[in-house]
Amino acid sequence: MVKRLASQLFVSRLSSYTTNQELKMLFSPFGLVTQASLVKDPKTQRPKGFGFVSFRLEEEAQKALEAMNGRIVRGRLIFVEVANTGSPENGDSSA
DNA sequence: GTTGAGCGTT
């Protein structure tokens, strides 16, 4: 098993006018963004204001995390965190 | 011009 940190980031408190492309544009200079997804309500189609950004390198993801966490995007403060889905944030080798 | 608090969808 390859020890893989969460290369996927959970971005919240985004402004409703921010798009997936916007996210990718914001996270691209911090690393190679392989995927950017904006989550919205499946019923009302209304933007939930949070999304996910996948990096190709976990170290880039963490760098972008601390770089963009608590940053101002489109005039609103956003939060960035490691995603909870799919990637086991298992950085623990046997100590 | 839609905020809050949150972990989606190919």
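Chain letters run A, B, ... following the sequence lines, proteins first and then strands; every chain starts at 1. Only heavy atoms go into these numbers, but all of them, side chains included; no hydrogens, no water, no symmetry mates. Being a predicted model, the structure only gives us computed values, none of them experimental.
Atom CG in A:Leu14 sits roughly 14 Å away from atom C1' in B:dG4 (whole-Å rounding). Per the geometry, CG belonging to A:Asn69 stands 15 Å off P belonging to B:dG6, to the nearest Å. Rounded to an integer number of Å, the gap from A:Arg76 CZ to B:dG4 P is 8 Å. Between A:Phe50 atom CZ and B:dT3 atom C1' the separation is 15 Å, expressed in whole Å. Here the P atom of nucleotide B:dT9 and the CG atom of A:Leu23 are 16 Å apart, to the nearest Å. One interatomic measurement links the two molecules: NZ of A:Lys40 to C1' of B:dG4, which rounds to 20 Å at whole-angstrom precision. B:dT10 atom P lies 14 Å from atom CD of A:Gln8, rounded to whole Å. We find that CG of A:Leu65 is positioned 14 Å from C1' of B:dC7, with the value rounded to whole Å.
Of the listed residues (A:Val53, A:Leu23, A:Leu9), just one forms a side chain to side chain contact (heavy atoms under 4.5 Å, CB included) with A:Val33, and that residue is A:Val53.
With no hydrogens or angles considered, no side-chain donor-acceptor pair links A:Ser7 and A:Glu58 at under 3.5 Å.
Among the nucleotides B:dT9, B:dT2, B:dG6, the one closest to the side chain of A:Pro47 is B:dT2. Closest contact between the side chain of A:Ser12 and the listed nucleotides B:dT10, B:dG6, B:dC7 involves B:dG6. For A:Arg13, counting side-chain heavy atoms from C-beta on, the closest listed nucleotide (B:dT3, B:dC7, B:dT10) is B:dT3. Distances from the side chain of A:Ser16 to the nucleotides B:dT3, B:dG6, B:dT9 place B:dT3 closest. Side-chain proximity of A:Gln35 to the nucleotides B:dT10, B:dT3, B:dG6 is greatest for B:dT10.
Within the 4.0 angstrom heavy-atom criterion, no nucleotide atom of any strand lies near A:Arg46. If you check every strand for non-hydrogen atoms under 4.0 Å, A:Gly51 touches nothing.
Rounding to the nearest 0.5 Å gives a distance of 10.0 Å between CZ of A:Arg76 and OG of A:Ser16.
The aromatic rings of A:Phe52 and A:Phe10 lie tilted to each other, with the angle between the two planes from 30° to 60°.
Toward the 5′ end of DNA chain B lies the nearest nucleotide of A:Ser15, the other residue of the pair A:Glu81 and A:Ser15 mapping further downstream.
Using C1' as the reference atom, B:dG6 and B:dT2 are 16 Å apart when rounded to the nearest Å.
When the side-chain contact (heavy atoms from CB on, under 4.5 Å) test is applied to A:Leu26, the partners found at least two apart in sequence or on another chain are A:Glu22, A:Met68, A:Val73.
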